[in-house]
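Right, one structure below, let's go through it.
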Amino acid sequence: MEKVQQVYISQFPEYEGKEVLLKGWVANRRTTKNVVFVVFRDGTGFTQLVIDKQLAGEEAYKEADKLGLETAIEVKGKVVRDERQIGGFEVHVSEFKVIGESEDYPIAKKEHGIDFLLDHRHLWLRHRRPWATMRIRNEVVFAIHKFFQERGFLQLDAPIFTANACEGTTTLFETDFFGQPAYLSQSGQLYGEAMALACNKIYVFGPTFRAEKSKTRRHLAEFWMVEPEMAFYDLDMTMDLMEEFIKYLISQVLKNRQFELSLLERNTTILESSASKPYPRITYDEAVEIIKGTRKVNGRSSLDVLKEDLAKTQEEIKKLEAEEKSLEKQLGTPGLGEKKKARLQGQLGKVRERLHKLRERAKNIPLWIEQAENFPYGEDFGGAHETVLTRLFDTPIMVYKWPREIKAFYMKPFEDDPNFVKGVDMLAPEGYGEIIGGGERETDLNALLDQIKKHHLPEEAFQWYLDLRRYGSVPHSGFGLGLERFIAWMGGLHHVREAIPFPRYYGRLTP
RNA sequence: UCCCCGGUAGCUCAGCGGUAGAGCGGGUGGCUGUUAACCACUAGGUCGCAGGUUCGAAUCCUGCCCGGGGAGCCA
């Protein structure tokens, strides 16, 4: 092969009309009489290769026609503008050679179930949706570091092996640490507090582990959390920081990852409002009133919104049921052509799938209404309550001033209202739920000892933590952002397991 | 641990008491600057496992296993 410059697909705008060398993989292939079209990827993007008999020769055409999906190839050709293609360019190939063969690639050119795809996660990562998602993940991670570094925070790591449970509630993974039981960290917070009192403003950014057998779209057994901790910060300063932080992350994704968002077919309306509009700050008491429907938001009550929703859902169900019947009748007609029959069956499948989802929804809404109306004051919100609450807003909301009993032992009570603590949760819109939990920490040694006893936690294990209150205790605060939940919200992903390269959750340890 | 839904071809699914089906993917041939291309032919199955009901079970019943969603817990 003659020497030409090797470039990446991402550099195409600088190389229009030029002869270049590309190295990558065959993502898809279509053959026509004189031309083979290859959808080609090199990790930086996707483009179409055109292997024409005239230009590349009869041999190249025949060889290209045999290329299996995901064959690694080296290509020489000219970058040509073509507005019909993704990225706006295609490559007219003059020569190519195979670097690595690929036969019977397991992921077919069609829809697959999530379980099959996750069994092939190591290969699935090569495809468009995961590719776009991973680029958004990287954008978010980079933006997190930029945000904190620009504000003088130090990134410091908390240990992963710990001797005790942080908050004493969740189930932890137990391991053997040279003959002693040790647990995988469920939060870096307590260590973050120690580091903040040493370096003022710090953030812990690492993996965390929870051994709950959670089977929901919001849970993983291993996930990444960003936990800033700031000395001399009170609750209000913390809420200001949280809002500024989330707005910054969203704006960076919107600015730099439009193409990836479009590949995910993400409607960005709510992301845009969330990047600019102020986030409502609501006390727990107010949130309860909103959930119960006794307090209106912008003239709307949560229960009315749900009832409207139910009516709309039922209407759509009726429409689809009629469509289902009509399709079934058409399918029952004798003498249908195979082609026509297949098409009808395809349509019927889609209608049924949509019906299934709507029926599920129609079944759930009355339950939500009931749960909302009968919400027992003083308890934590469940998924249904969060949905009811966040549905009324087009930005994240911050719920603060929580009843002391339902929050962790280290939370600081309000001086003028000691039954409530200075904790705050940020709830994302569009059903993505809690993305941040945090607040101001207890500073008083005796108050903390009291809480440790009330929560039945082992006092000895917390001696080092209590030292932070013995020697120069100061007001301080912090919060934790669930990275995968945030990414799932950005990308409009169905499940947090799509937001991490190799998810770990109950029932999934490989690949 | 509990509740709901599911397990049929490599993949996505239909069939729900009477001879196991379609699309995609594989193979062969045709057509075509194609966009998950298209058309024809072809190969491909212990209907999750075990037991029961029945003349007859993918279909009904029971138990178990696996998966999905939710509760709990939380980021």
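Reminder, nothing fancy here: chain letters follow the sequence lines and each chain counts from 1. Keep in mind it's a predicted model, so treat the numbers as computed, not measured.
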B:C60 to B:C55 separation - C1' atoms, rounded to the nearest Å:
16 Å
Whole-Å distance separating the CH2 atom of A:Trp402 from the P atom of B:C74:
11 Å
Spacing of A:Tyr432 atom OH relative to B:C74 atom P, expressed in whole Å:
23 Å
Could you write out RNA chain B as dot-bracket? Rules: Watson-Crick or G-U wobble, both distances under 3.5 Å, brackets [ ] for crossings, | for pairs with another strand, dot for unpaired.
((((((((.[[[[.)..(..]]]].(((((.......))))).....[[[[[..)....]]]]])))))))....
Just call it for A:Glu90: base, sugar-phosphate, or nothing, with non-hydrogen atoms closer than 4.0 Å on any strand.
base
Could one point to a donor on the side chain of A:Arg30 or the base of B:C38 with an acceptor on the other under 3.5 Å away?
no
For atom C1', what is the distance between B:G51 and B:A57, given to the nearest Å?
13 Å
Under 4.0 Å from OP1 or OP2 of B:G68: is there any side-chain N or O of A:Arg497 that close?
yes
Taking the same atom, C1', in B:C31 and in B:G21, what whole-Å distance lies between them?
28 Å
I'd like the P distance from B:U12 over to B:G48, given in whole Å.
14 Å
Using a cut-off of 4.0 Å on non-hydrogen atoms, how would the nucleic acid contact of A:Gln48 be classed: base, sugar-phosphate, or nothing?
base
Can A:Glu227 and A:Ser187 be counted as having a side-chain donor-acceptor contact under 3.5 angstrom?
yes
Ignoring backbone atoms, establish whether A:Asn28 has a side-chain N or O less than 4.0 Å from OP1 or OP2 of B:U34.
no
Report which part of the nucleic acid A:Tyr505 touches: base, sugar-phosphate, or nothing (heavy-atom distance under 4.0 Å, all strands).
sugar-phosphate
Contact class for A:Asp82 vs. all strands (heavy atom < 4.0 Å): base, sugar-phosphate, or nothing?
base
Contact class for A:Thr31 vs. all strands (heavy atom < 4.0 Å): base, sugar-phosphate, or nothing?
base
For atom CG of A:Asp52 and atom P of B:U32, their distance in whole Å
15 Å
Using the P atoms only, state how far B:G68 lies from B:G25, rounded to an integer number of Å.
27 Å
Are A:Lys401 and A:Phe420 in a cation-pi setup, meaning NZ or CZ lies under 6.0 angstrom from the ring centre and within 45 degrees of the ring axis?
yes
Please state the P separation for the pair B:C16 and B:G72 - nearest whole angstrom.
38 Å
Parallel, tilted or perpendicular: ring planes of A:Phe486 versus A:Trp489, cut at 30 and 60 degrees
perpendicular
Respond yes when some side-chain nitrogen or oxygen of A:Arg218 is under 4.0 Å from OP1 or OP2 of B:A71, and no when none is.
yes
Take the protein atom CG of A:Asp425 and the nucleotide atom P of B:C73, then report the distance between them rounded to whole Å.
13 Å
Regarding A:Arg128 and the six-membered ring of A:Phe46, is the cationic atom NZ or CZ under 6.0 Å from the ring centre and inside 45° of its axis?
yes
Nearest to the A:Thr216 side chain among B:A75, B:A71, B:G68, which nucleotide is it?
B:A71
Using the C1' atom as the reference point in each nucleotide, state the distance between B:G7 and B:A58 in Å, no decimals.
11 Å
Looking at B:G33 and A:Phe37: do their rings stack (centroid distance under 5.5 Å, interplanar angle under 30°)?
no
Taken to the nearest whole Å, NE2/A:His219 to C1'/B:G69 is 13 Å
Just call it for A:Ile435: base, sugar-phosphate, or nothing, with non-hydrogen atoms closer than 4.0 Å on any strand.
sugar-phosphate
Contact class for A:Leu483 (heavy atom, under 4.0 Å): base, sugar-phosphate, or nothing?
nothing
Whole angstrom is fine here: how far is it from CH2 in A:Trp489 over to P in B:A75?
18 Å
Under 4.0 Å between a side-chain N/O of A:Lys215 and OP1 or OP2 of B:G68, yes or no?
yes
Could you work out the separation of B:C47 and B:A14 based on their C1' atoms and round it to a whole Å?
13 Å
Under 4.0 Å: is that the gap between some side-chain N or O of A:His495 and OP1 or OP2 of B:G69?
yes
Mapping A:Thr32 and A:Arg217 onto RNA chain B by nearest heavy atom, which one lands closer to the 5' end?
A:Thr32
Would you please confirm or rule out a distance under 4.0 Å between OP1 or OP2 of B:C31 and any side-chain N or O of A:Lys33?
no
In this structure, how many angstroms lie between the P atom of B:G25 and the CD atom of A:Glu70, rounded?
16 Å
With under 30° as parallel and over 60° as perpendicular, where do the rings of A:Phe381 and A:Phe375 fit, or are they tilted in between?
tilted
For A:Gly433, report the nucleic acid contact type (base, sugar-phosphate, nothing); a contact means any heavy atom under 4.0 Å.
nothing
Atom pair distance, as rounded to whole Å: CZ in A:Arg508 and C1' in B:G69:
16 Å
Under the rule for side-chain hydrogen bond (donor to acceptor under 3.5 Å, both in side chains), what residues qualify as partners of A:Lys407, not counting sequence neighbours?
A:Asp425
Side chain of A:Asp115, heavy atoms from C-beta onward: which of B:A75, B:C73, B:G68 has the nearest atom to it?
B:G68
Is the NZ or CZ atom of A:Arg497 positioned over A:Tyr505's six-membered ring, under 6.0 angstrom from the centre and within 45° of the axis?
yes
Does A:Phe116 reach a base, just sugar-phosphate, or nothing at all? Heavy atoms under 4.0 Å.
sugar-phosphate
Would you say A:Tyr203 and A:His145 are linked by a side-chain donor-acceptor pair, where the criterion is simply a distance under 3.5 Å?
yes
The ring pair (Phe, Tyr, Trp, His ring centres under 6.0 Å) partner of A:Phe148 among A:Phe205, A:Phe142, A:Tyr248, A:Phe153 is A:Phe153
Cation-pi check, A:Arg121 onto A:Trp124 ring (under 6.0 Å, within 45° of axis):
yes
